[in-house]
Amino acid sequence: MVIDDSKTIRRTAETLLKRHGCQVITATDGFEALAKIAEHRPEIIFVDIMMPRLDGYQTCALIKHNRLFRSTPVIMLSSKDSIFDKARGRIVGSEQYLTKPFTRDDLLGAIRAHVHRD
């Protein structure tokens, strides 16, 4: 799942991932994402930090506080690259922090590192 208020970022990530056989669900913000997460149960979630209504930190915290989705990997996406931002992402439970602009290899590497197939 890719959660970002930027249509360009959503489309870019979706295109990169679909080329590699991934099914991709997108959402424009945390509220829309929470309903879709419950319905689709994604294996990994990429979430932008800076979004209106419910930011990426809040969205991640809500996902990690739900016992059904606690183990779902959450990867934070941001144009900021400070130690503070990365630490805050860890505090709310994210597994990884990717700085925009991300590459195909960044996304696929996160999937390889955090999605465990049986």
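Since the structure is predicted, the reported quantities are computational estimates derived from the model, not experimental observations.
- Between Ile3 and the choices Ile9, Ile25, Thr59, the side-chain contact (heavy atoms from CB on, under 4.5 Å) rule is met once, by Thr59.
- One hydrophobic cluster, built from ILVMFWY side chains closer than 4.5 Å, holds both Ile44 and Leu108.
- For the pair Tyr57 and Asp55, the tightest heavy-atom approach, listed with the atom from each and the gap, is N-OD1, 3.0 Å.
- Listed by chain and number, the residues in a side-chain contact (heavy atoms from CB on, under 4.5 Å) with Ser71 amount to none (sequence neighbours excluded).
- Linking ILVMFWY side-chain heavy atoms closer than 4.5 Å, directly or via other members, places Met50 and Val74 in a single hydrophobic cluster.
- Contact of the Ile37 side chain with the Pro42 side chain is registered, since non-hydrogen atoms from C-beta on lie closer than 4.5 Å.
- Every side-chain hydrogen bond (donor to acceptor under 3.5 Å, both in side chains) that Asp106 has, sequence neighbours left out, goes to Thr103.
- Judged as a side-chain contact (heavy atoms from CB on, under 4.5 Å), and not counting sequence neighbours, the contacts of Glu32 are Ala27, Thr28, Asp29, Lys36.
- Put simply, the side chain of Asp48 does not reach to within 4.5 Å of the side chain of Val2, judged on heavy atoms.
- In this structure a side-chain-to-backbone donor-acceptor pair under 3.5 Å is missing from Arg104 to Leu16.
- Applying the side-chain hydrogen bond (donor to acceptor under 3.5 Å, both in side chains) criterion to Ser79, with sequence neighbours excluded, gives no partner residue.
- Hydrophobic clustering places Val115 together with Leu107 (ILVMFWY residues linked when any side-chain heavy atoms are closer than 4.5 Å, directly or through intermediates).
- Side-chain contact between Ile111 and Cys22 is present, with heavy atoms from C-beta onward closer than 4.5 Å.
- Considering only residues two or more places apart in sequence or on other chains, Lys80 meets the side-chain hydrogen bond (donor to acceptor under 3.5 Å, both in side chains) condition with none of them.
- Residues forming a side-chain hydrogen bond (donor to acceptor under 3.5 Å, both in side chains) with Thr26 (at least two apart in sequence, or on another chain): none.
- Inter-residue side-chain proximity for Phe46 and Leu98 is flagged as met; some heavy-atom pair is nearer than 4.5 Å.
- Looking only at side-chain heavy atoms (C-beta outward), Leu77 and Val47 stay at 4.5 Å or farther from each other.
- Evaluation of the side-chain contact (heavy atoms from CB on, under 4.5 Å) rule for Leu62 yields Leu34, Leu54 as partners, not counting sequence neighbours.
- Looking only at distances, no side-chain donor or acceptor of Lys100 sits under 3.5 Å from a matching main-chain atom of Ser78.
- Applying the side-chain contact (heavy atoms from CB on, under 4.5 Å) rule to Leu68 yields the partners Arg41, Asn66; only residues at least two apart in sequence or on another chain are considered.
- Between His114 and Ile75 there is a side-chain heavy-atom pair separated by less than 4.5 Å.
- Under the salt bridge (Lys or Arg N to Asp or Glu O under 4.0 Å) criterion, the residue pairs touching residues 81-93 are Asp81-Lys86, with sequence neighbours excluded.
- By the criterion of side-chain heavy atoms lying less than 4.5 angstrom apart, applied directly or through intervening Ile, Leu, Val, Met, Phe, Trp or Tyr residues, Ile49 is grouped together with Met1 in one hydrophobic cluster.
- Exactly one residue among Glu95, Met76, His65 makes a side-chain contact (heavy atoms from CB on, under 4.5 Å) with Cys60. That residue is Met76.
- Listed by first and then second residue, the side chain to side chain donor-acceptor pair (under 3.5 Å) pairs involving residues 14-24 are Glu14-Lys18 (not counting sequence neighbours).
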